[in-house]
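Since the structure comes first, as C-alpha cells, the remarks are kept for the end.
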Amino acid sequence: MSGNLQLDAQGRLRHFLTLEGLPPRILHEILDTAESFAEVTSQQVKKVPLLRGKTIVNLFFEPSTRTRTTFELAAKRLSADVLNINIDTSSTTKGETLLDTLRNLEAMHVDMFVVRHAASGAAHFIARHVAPHVSVINAGDGRHAHPTQAMLDMFTIRRVKGPDFGRLRVAIVGDILHSRVARSQIHALHLLGAGEIRVIAPRTLIPVDVEKLGVHVYHRLEEGIADVDVLILLRLQRERMRGALLPSEHEYFRLFGLTEEKLARARPDVTIMHPGPINRGVEMDSQVADGPRSVILRQVSYGIAVRMAVMSLAMQAGPRTDETREAS
Amino acid sequence: MSQRIRIRGGRVIDPASGLDEVTDVWVGGGRLLAIGPEPPPGFAADFEIDAHRRLVLPGLVDLAARLREPGEEHKATIASETRAAVAGGITTLCCPPDTQPPIDTPAVVELIRKRADAAGYARVEVLGALTRDLAGETLTEMAALKEEGCVGVSNAGRPLASSLVLRRALEYAATYELTVFIQPEDAALAADGCVHEGETATRLGLPGIPAAAETAAVAHALALIEHTGARAHFCRLSHTRSVQMIARARYDGLPVTADVAAPYLFLTDHDVGDFDPFCHVRPPLRTDADRDALRRALANGAIDALCSDHQPHEPDAKRNPFPMTEPGISGLDTLLSLGLRLVEEGVLDLPTLVMRLCTAPGRILGLEAIGTGRLLPGRRADLVLVDPDAVWRVTPEQLLSAGHNTPFMGWELRGRVTHTLVGGRVVFERRPERL
C-alpha cells in the first residue's frame with residue numbers, strides 16, 4: 001500500500017508521505033545521511049552541489065513559516081532552485097482544482113513538490129497524480145502525517161541518547177487526536193525499535209483505538225512520565241483550549257503542563273522535546289523549556305540536515321514504474 | 001403498444017405467495033395474466049422468451065437512488081440512471097428529495113415524473129422533502145406533495161433544527177398517512193467526520209464519525225415515533241446497535257421498518273486503505289462486526305430491505321484529498337449481483353433475497369397492492385429475467401450508470417439480467433454475447 005507508493009522499483013525512497021509501511025533501512029539511511037549534512041551545516045561554506053539544476057516547489061496550502069523556511073533552506077543548501085507557493089485554500093475552492101494547480105506547476109518542469117495541506121491524505125493524492133519523474137515530500141497533511149518532523153525528532157533522540165532505541169521509553173504528551181506529528185513519531189519509534197511508547201492526555205485528546213498503533217495510554221502525567229527516557233510535548237492549538245475538548249488552559253497546565261516539580265518523577269537524565277512553537281505556561285513552564293534537559297533548539301537546527309537528507313535521497317530514486325499514473 | 005408474451009420455463013419466485021417453481025409466466029395488456037403451464041383463455045403470444053435456466057423475479061424496488069436531476073446533470077440524468085436501473089433488474093426506484101432544487105413542491109415532483117415517463121425505462125417514485133429547502137425548519141406542504149404522488153417524506157439526512165420540528169413533522173406526515181424516511185445521523189456528533197471513528201480514522205488522521213452519531217439519532221427518533229404514532233422507515237443503517245434498537249421497537253409494536261445499502265454488507269473501514277475515495281460514503285463503512293451483524297439482520301428480517309443507495313458522481317468529485325471528495329457510491333449496476341453474492345456466500349436463501357430486494361421495499365413504499373415487488377396475476381407486469389450463472393467483471397465499460405464511482409471496480413460478480421419488463425413491455429434486453 002503506502003510502502004509501494006513511496007518506493008521506486010529498486011526499493012529506494014521516491015516519495016516521502018508517511019513513515020507507516022516504510023522499511024526500517026530507509027529510516028536509518030535518512031538518519032545516517034542527515035549526520036553527514038549536519039557537518040556541512042556547521043561549516044563555513046554550507047552548500048553542497050547535490051541538487052544543482054533541480055527545481056523544488058514548496059506548495060503550501062496551509063500557512064506555515066517555520067516548516068517552510070527549513071525546507072527552503074535545506075533545498076538551497078543542496079543548490080536546488082526553490083519556488084515558494086502559498087495558496088489560500090479558500091480561493092482554490094472556487095475555481096481551479098488541486099489537480100489543475102498541480103498540472104500547471106508540473107508544466108514548469110518541477111522535480112519535487114514539498115506539500116503542506118489541511119486535508120489528511122493530500123500528499124498521497126498528489127503523489128498518485130504527479131508525473132512519474134516528480135517526487136512528493138509531505139510537509140504535513142491534516143492530522144495524518146508529518147514525517148520529516150518525526151525524523152528530525154528521531155535524529156535528535158539518536159544524537160542525545162545513542163543509536164539503541166530498544167532501551168528507550170518514550171512518552172508523547174498532549175493533543176494526540178489532532179496531531180500529525182504524534183502519528184508520525186509513533187510510526188518512526190516503532191520502526192526504529194523503541195522499547196516502549198506511551199501517550200499521555202485526557203480522554204478528549206486521545207483518538208479511539210490508539211492502542212492498535214502499539215502505544216500505552218495514560219491519563220495522568222505523573223503516572224505516564226515515570227521512568228521515561230524521552231518526553232515529547234505536543235503543541236496545543238489555542239482554539240482547542242477553550243470549548244468541549246478542554247475546559248481551560250489553566251486546568252490543562254495544572255494537570256499536563258510540565259514543571260520541574262512534576263519532572264522529579266521522570267528519570268534524572270530525561271530528554272525534553274517539543275516540535276515548537278511552545279506555548280509557555282501551557283505545555284511547560286519556562287524553567288523546563290530553557291533548562292538543561294530541553295533539546296528544543298537542537299531539534300530546530302537538526303531540522304535542516306534531516307530535510308536535506310530526505311530531499312537528496314528522494315531525488316536519487318528512479319521514476320516509479322510499478323504503478324501507472326492515475327488517469328486525469 | 002401492449003404485447004402478449006409467454007415467458008417459458010423459468011424458475012419463478014414470488015416469496016410472499018410462497019411461489020418458487022419452474023413454470024411459465026403469461027403477460028398481456030401491461031399486466032401479468034397468469035403463472036403456470038396453461039395459458040389464460042384465448043391467449044395468443046406475440047412472442048416467447050425462453051427462460052430456461054433463468055430466474056423470473058419481480059422487478060427490483062430500490063429505496064434510494066439519486067438520479068441527479070434536476071440540478072446536477074453533470075453527474076447523471078434521469079434518462080441515464082433509469083436505463084442503468086432496468087439493466088440491473090430494477091423496475092422501480094425511489095428518489096430522495098435532495099435534488100437541486102429539493103423536492104419540496106409539487107412542481108418538482110411533476111418534473112421528475114415527466115422526465116422519467118419520457119425516458120421510458122424504470123418507474124420513478126419520489127420522496128418529498130420533510131422541510132422546506134431541506135433546511136430543517138419549516139414543514140413542506142405535505143398534503144400537496146402526497147396528492148402529486150409522493151410515496152413518503154424525508155429530510156434526506158440533513159439535520160432538523162430541533163426535536164420539536166421532528167415531532168411536528170412526524171405528526172403532520174401521519175395526518176396524511178405519509179411514511180417518514182429517516183436517515184439517522186446526529187449532526188453535532190458527526191461534525192466534520194468522513195470515516196468511521198475507529199482504527200482507520202486514528203491511523204489516517206481522518207476526522208471520525210462515531211457509531212453513536214447513528215444510535216443517538218435512532219434513539220431520539222424512536223422516542224418521538226412512539227410519542228406520535230407516525231410510520232417511519234430508517235434508511236442506510238450502518239451499525240449493529242441501531243438495528244437492535246429498531247428491532248426492539250418493532251417488537252414493542254412501533255410501525256417502523258429499516259434498510260441497508262449493499263456496500264455495507266461487503267466493505268468495512270479497513271477498505272478505506274490509504275485514502276481510497278471510492279470508500280468515502282455516508283454513513284461511513286464501519287467494522288467487520290457491524291458488517292456481519294448487518295448481514296444477519298438482513299437474513300432474519302430485522303432489516304427489511306436491501307437498496308443500492310446509488311449516488312453517481314462525475315470523475316472530478318473523487319479527484320481530491322479524501323476529506324474533500326464527495327461521498328457516495330454508484331450502485332445500480334451492482335445491486336442485484338451483490339445480492340446474489342450473499343446467497344452464494346450462504347447469508348440468506350434466494351427467496352429471502354427476493355423478499356428484501358423486491359417485495360419488502362414495495363411494501364415500504366405502499367405499492368404492493370398494485371403489484372410492485374410482486375408477481376401477482378392481474379397486477380402490473382414489472383419483472384426481470386436473470387441468468388444466475390453468468391459471470392461478469394465490474395469494469396467501466398460494463399457500467400451503464402453515468403457514475404463510475406464504485407469500490408467494486410474489478411470485482412468478479414455473478415448474475416446478469418437478460419430481460420426487464422416494465423408494465424408488460426420489454427424495456428431492456430441484453431444481447432447474449434454481452435452476458
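None of these values were measured; they are calculated from a predicted model. We name chains A, B, ... by the order of the sequence lines, and we start the count at 1 in each one.
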field: Residue pair B/P321 / A/D141, side-chain heavy-atom distance below 4.5 Å
entry: no

task: Verify, without hydrogens or angle tests, whether A/S120 (side chain) and B/G205 (backbone) share a donor-acceptor contact under 3.5 angstrom.
output: yes

message: How long is the straight-line distance from OG1 of B/T325 back to CZ of A/F125, given to the nearest 0.5 Å?
response: 9.5 Å

- request: To the nearest 0.5 angstrom, please state how far the CG atom of B/D274 sits from the CG atom of A/L17.
  value: 9.0 Å

- line: Against chain A, residues from residues 155-163 of chain B with at least one heavy atom under 4.5 Å, in numeric order, are none

query: Could you give the distance from CG (B/D276) to NE2 (A/H124), rounded to the nearest 0.5 Å?
result: 12.0 Å

- request: Return yes if some donor-acceptor pair links the side-chain N/O of A/R183 with the main-chain N/O of B/T202 below 3.5 Å, else return no.
  value: yes

- request: Count the heavy atoms of every other residue, nucleotide or ligand shown that sit under 6.0 Å from NE2 of A/H216, and state whether that count exceeds 12.
  value: no

message: Test side chain to side chain contact (heavy atoms under 4.5 Å, CB included) on A/T97 and B/N320; report intermediate values, then the result.
response: CA-CA 8 Å; A/T97 67; B/N320 247 327; 5.7 Å; no

message: Parallel, tilted or perpendicular, judged at 30° and 60°: which one describes the rings of B/F275 and A/H144?
response: perpendicular

message: Can you confirm whether more than 12 heavy atoms, excluding those of A/R198, are under 6.0 Å from its CZ atom?
response: yes

message: Does atom CZ (A/R25) have a neighbourhood of more than 12 heavy atoms from anything else shown, all under 6.0 Å?
response: yes

task: Run the numbers on B/E199 and A/E211 for side chain to side chain contact (heavy atoms under 4.5 Å, CB included), then give the verdict.
output: CA-CA 9 Å; B/E199 195 182 347; A/E211 297 85 352; over 6 Å; no

- prompt: Can you name the residues that form a salt bridge (charged side-chain N to carboxylate O under 4.0 Å, His left out) with A/R66, not counting sequence neighbours?
  reply: none

field: Interface moiety of B/P277 toward chain A, non-hydrogen atoms closer than 4.5 Å
entry: neither

task: State the CZ-CG distance between B/R203 and A/D209, to the nearest 0.5 angstrom.
output: 12.5 Å

- prompt: Partners of B/F322 by ring-ring contact (aromatic ring centres under 6.0 Å, His included), sequence neighbours excluded?
  reply: B/H280

query: In chain order, what residues pass the salt bridge (charged side-chain N to carboxylate O under 4.0 Å, His left out) check against B/D316, with sequence neighbours excluded?
result: B/R319

